[in-house]
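No hydrogens, no waters, no symmetry mates; every other heavy atom, side chains included, goes into these values. Since this is a predicted model, take the numbers as computed values, not measurements. Every chain is numbered from 1, with letters handed out A, B, ... down the list of sequences.
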2 protein chains.
Amino acid sequence: MSDRSPQSMSATARSQNPDSTAHAVIPGVLLPLRKQQRVLLTQKPADHIVLVMTGVLMVEARLPERDRQVLEILFPGDAYHTQDAPGLLGASLIAATPAELQRYRPEALEAIERSNPEFRRRLESAMAHRSARRTLHLASMSGASGEERLADFLVEIGLHLGRQVQGSRSFDMPLSREEIADYLALNPDTLSRIFSRMKSSGVISISRGRATVPDWPALMRLSPFGAAQTELYEQTRVPA
Amino acid sequence: MSDRSPQSMSATARSQNPDSTAHAVIPGVLLPLRKQQRVLLTQKPADHIVLVMTGVLMVEARLPERDRQVLEILFPGDAYHTQDAPGLLGASLIAATPAELQRYRPEALEAIERSNPEFRRRLESAMAHRSARRTLHLASMSGASGEERLADFLVEIGLHLGRQVQGSRSFDMPLSREEIADYLALNPDTLSRIFSRMKSSGVISISRGRATVPDWPALMRLSPFGAAQTELYEQTRVPA
DNA sequence: GCAGCCGCTTGATCTGGATCAACAATTGCC
DNA sequence: GGCAATTGTTGATCCAGATCAAGCGGCTGC
């Protein structure tokens with residue numbers, strides 16, 4: 001349906017920001033973000049929609065007396081609707097890597113959609129895909145152990161940012177340990193321990209922010225929702 | 001925006017199925033469900049949209065070797081899109097109380113929407129509202145303790161099914177202990193203990209499936225996401 | 001009325017992950 | 001290159017919630 005897949009391009013392409021034309025460029029307001037730059041989603045009375053053109057983003061929630069949470073991770077091709085986070089959550093988007101967003105106000109969007117039904121269809125498909133991914137993340141958070149949650153996370157990142165060579169797969173890790181911990185509802189100490197165990201069991205190796213999973217099926221076996229994630233990811237690629 | 005609110009009706013109305021015309025009746029296929037009846041969401045290649053007319057539903061996921069999970073709870077006025085759960089999750093809708101659904105295939109829906117933009121707006125608003133509620137549930141599941149999660153759940157149910165009298169609020173509990181446990185990612189034993197503590201501290205009392213919260217603000221103080229839920233719920237009521 | 005079952009409660013024990021506290025490794029900055 | 005600051009690792013201890021097991025009450029069906 002949408003053309004978000006890195007794999008559909010030549011093997012020499014960069015894996016980090018694989019696809020600068022994840023959506024045909026129908027211009028809204030272009031928003032280039034440097035690493036760690038933040039876009040507030042709160043207190044904007046007018047909702048809007050944001051398309052991720054390049055880079056990786058985090059949706060963060062911060063409630064007064066509570067730890068920061070990373071609610072979801074956005075990749076090129078994803079569409080985010082401001083209304084998805086209630087105002088009181090104190091949500092923002094944060095660029096995990098340098099990124100480019102395209103922002104649309106709803107009126108503008110409606111006009112575009114009327115004149116370009118193909119664009120509307122893409123947008124709806126992107127939204128549906130992200131919604132299903134959120135379901136999987138919820139399922140993982142509420143049904144899986146720490147190690148399983150980390151495996152699910154690695155599958156998610158690997159699918160979206162990784163390049164497959166034989167049965168192995170490698171990718172640049174866009175999130176810091178603490179950010180991953182906030183996404184997985186683990187504390188950083190515990191996460192570090194789980195990572196160490198996985199490294200010593202050979203499931204993954206990491207050096208200088210580059211992760212390699214030598215045996216992808218082995219990782220999939222640790223990941224309760226990996227198969228569902230893969231199915232979902234495959235659907236977003238051109239079926240033809 | 002939509003007219004889903006029980007409170008807008010007279011105080012003598014039943015609180016359980018308060019509003020049989022949550023959406024203006026634009027007929028799709030009407031689906032009456034008895035308690036515990038199940039509608040499979042899987043393996044339907046054609047996606048469709050379901051409107052909850054009356055009753056309370058659970059969205060359940062069941063993966064081969066894993067415990068059942070309740071991913072979300074649906075109330076009258078809610079709209080559910082089949083695509084929100086990936087096929088491999090093994091999802092179904094289950095009626096927690098007797099319920100009525102209206103089901104639409106996407107083609108039919110498109111035709112209706114074209115001729116009735118008001119209906120389309122309502123549907124989108126219902127979807128947006130549910131999406132925000134899902135965000136809050138995720139936040140609660142990954143950031144809150146058992147007691148806080150239960151408080152969040154009670155606020156959710158109380159808002160949707162409760163009737164306010166002074167500062168107190170009461171409602172029929174639509175879910176069993178085990179179902180609540182599956183929704184909150186707790187085990188039933190632990191949940192029962194937390195309930196007992198809350199009962200003995202006077203936050204809530206339950207008899208014959210009817211729950212009473214004598215001091216609603218006290219419950220809200222235990223609920224990290226209660227304020228955000230309330231804000232959200234209020235938005236769905238006619239602002240005028 | 002009573003047998004049996006199911007949903008719920010409660011006690012005793014166990015454990016995965018949190019917390020606290022050093023310490024090591026990177027990264028950034030002059 | 002060298003030093004400070006930030007980020008990641010690891011050990012020791014602790015605790016919320018899971019697990020296991022036993023009882024309790026209310027409902028169903030005979």
Side-chain angles (χ1 to χ4, degrees), chain A residues 34-37 58 65-70 94 96-98 140-154 157 172-201 203-211 222 224, chain B residues 35-36 58 65-70 94 96-97 140-154 172-201 203-211 222 224:
Chain A
R34 57 184 190 285
K35 204 171 141 91
Q36 297 301 323
Q37 193 175 339
M58 298 173 289
E65 303 280 292
R66 313 218 129 224
D67 293 346
R68 182 260 304 262
Q69 289 184 242
V70 174
I94 298 183
T97 68
S140 182
M141 290 310 97
S142 48
S145 70
E147 178 164 277
E148 291 170 331
R149 300 215 284 268
L150 177 53
D152 282 333
F153 165 77
L154 291 172
I157 300 289
D172 290 334
M173 177 63 73
L175 275 62
S176 73
R177 286 288 191 280
E178 196 178 338
E179 289 162 346
I180 299 172
D182 291 342
Y183 180 58
L184 298 181
L186 292 170
N187 89 356
D189 305 40
T190 301
L191 180 64
S192 175
R193 271 177 250 273
I194 300 174
F195 256 119
S196 299
R197 263 183 269 144
M198 279 197 180
K199 279 188 268 184
S200 68
S201 75
V203 179
I204 193 174
S205 64
I206 304 182
S207 77
R208 319 214 106 273
R210 180 107 193 142
L222 298 178
Chain B
K35 203 170 142 93
Q36 296 302 323
M58 297 173 288
E65 302 280 290
R66 314 220 128 223
D67 293 345
R68 180 261 302 262
Q69 290 185 242
V70 174
I94 297 183
T97 69
S140 182
M141 289 311 96
S142 49
S145 70
E147 177 164 281
E148 291 170 330
R149 301 215 283 269
L150 177 54
D152 283 333
F153 165 77
L154 292 172
D172 290 333
M173 177 64 72
L175 275 63
S176 74
R177 287 287 192 282
E178 197 178 339
E179 289 163 346
I180 300 172
D182 290 343
Y183 180 58
L184 299 181
L186 292 169
N187 88 358
D189 307 54
T190 302
L191 179 65
S192 174
R193 271 178 252 273
I194 300 174
F195 256 120
S196 299
R197 262 183 271 141
M198 279 197 180
K199 280 187 266 184
S200 68
S201 75
V203 178
I204 192 174
S205 64
I206 304 183
S207 77
R208 321 213 101 272
R210 179 109 193 140
L222 298 177

Next on the checklist: Students often get this wrong, so: under 4.0 angstrom with heavy atoms, is B:Ala185 touching a base, only sugar-phosphate, or nothing?
Outcome noted: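 Sugar-phosphate contact only - B:Ala185 comes under 4.0 Å of backbone atoms but never of a base.
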
Next on the checklist: So A:Arg149, base contact, sugar-phosphate only, or nothing? Heavy-atom distance under 4.0 Å.
Outcome noted: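 No contact.
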
Next on the checklist: Heavy-atom nearest nucleotide on DNA chain C for A:Glu147 versus A:Arg208: which residue maps closer to 5'?
Outcome noted: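 Checking each residue's closest nucleotide, the 5'-ward one belongs to A:Glu147.
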
Next on the checklist: Nearest heavy atom decides the nucleotide; on that basis, is A:Asn187 or B:Glu178 closer to the 5' end of DNA chain C?
Outcome noted: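 By nearest-heavy-atom nucleotide position, the 5'-most residue is B:Glu178.
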
Item to check | Heavy-atom pair of closest approach, residues B:Pro224 and B:Ala144 | outcome: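 Nearest pair, atom of B:Pro224 first, then B:Ala144: CG-CB, 4.2 Å.
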
Checklist entry - Got a sec? Which of residues 188-198 of chain A come in under 4.0 Å of DNA chain C, heavy atoms? => result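 Output list: A:Asp189, A:Thr190, A:Arg193.
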
Checklist entry - Per the end-axis method with five pairs at each terminus, what is the bend angle of the helix from C:dG1-D:dC30 to C:dC30-D:dG1, to 10°? => result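 The angle, to the nearest 10 degrees, is 50°.
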
Does a side-chain heavy-atom distance below 4.5 Å link [X] with [Y]?
X: B:Leu154; Y: B:Leu222; value: no
X: B:Glu147; Y: B:Leu150; value: no
X: A:Met173; Y: A:Ile180; value: yes
X: B:Ile94; Y: B:Glu179; value: no
X: A:Met141; Y: A:Asp152; value: no

Checklist entry - Are any side-chain N or O atoms of B:Ser196 and backbone N or O atoms of B:Ser192, one a donor and one an acceptor, separated by less than 3.5 Å? => result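 It does hold such a pair.
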
Next on the checklist: I'd like to know if the side chain of A:Arg149 reaches the main chain of A:Ser140, judged simply by a donor and an acceptor atom lying under 3.5 Å from each other, with no hydrogens or angles considered.
Outcome noted: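 No.
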
Checklist entry - Out of A:Ser200, A:Ser205, A:Ser201, which one pairs with A:Val203 under the side chain to side chain contact (heavy atoms under 4.5 Å, CB included) rule? => result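 By the side chain to side chain contact (heavy atoms under 4.5 Å, CB included) criterion, A:Val203 pairs with just one of A:Ser200, A:Ser205, A:Ser201: A:Ser201.
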
Next on the checklist: Using the side chain to side chain contact (heavy atoms under 4.5 Å, CB included) criterion, which residues pair with B:Asp182? Sequence neighbours excluded.
Outcome noted: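 Applying side chain to side chain contact (heavy atoms under 4.5 Å, CB included) to B:Asp182 gives B:Arg68, B:Val70, B:Glu178.
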
Next on the checklist: Need two values: the first and the last nucleotide of DNA chain D, 5' to 3', having an atom under 4.0 Å from any heavy-atom of chain A.
Outcome noted: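 Boundary nucleotides touching chain A, in 5' to 3' order, are D:dG8 to D:dA12.
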
Checklist entry - How long is the span from the CD atom in A:Gln36 to the OG1 atom in A:Thr97, to the nearest 0.5 Å? => result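 It comes to 10.0 Å.
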
Next on the checklist: Let me confirm one number: the CG-CZ distance from A:Leu175 to A:Phe153, rounded to the nearest 0.5 Å.
Outcome noted: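 Here the interatomic distance stands at 5.0 Å.
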
Item to check | Set of residues satisfying salt bridge (charged side-chain N to carboxylate O under 4.0 Å, His left out) with respect to B:Arg66, sequence neighbours excluded | outcome: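 With sequence neighbours excluded, B:Arg66 shows a salt bridge (charged side-chain N to carboxylate O under 4.0 Å, His left out) to A:Glu148, given in chain and number order.
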
Next on the checklist: What is the first contacted nucleotide of DNA chain C and what is the last, in 5' to 3' order, if contact means an atom lying under 4.0 angstrom from a heavy atom of chain B?
Outcome noted: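 In short, chain B contacts DNA chain C from C:dC8 to C:dA12.
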
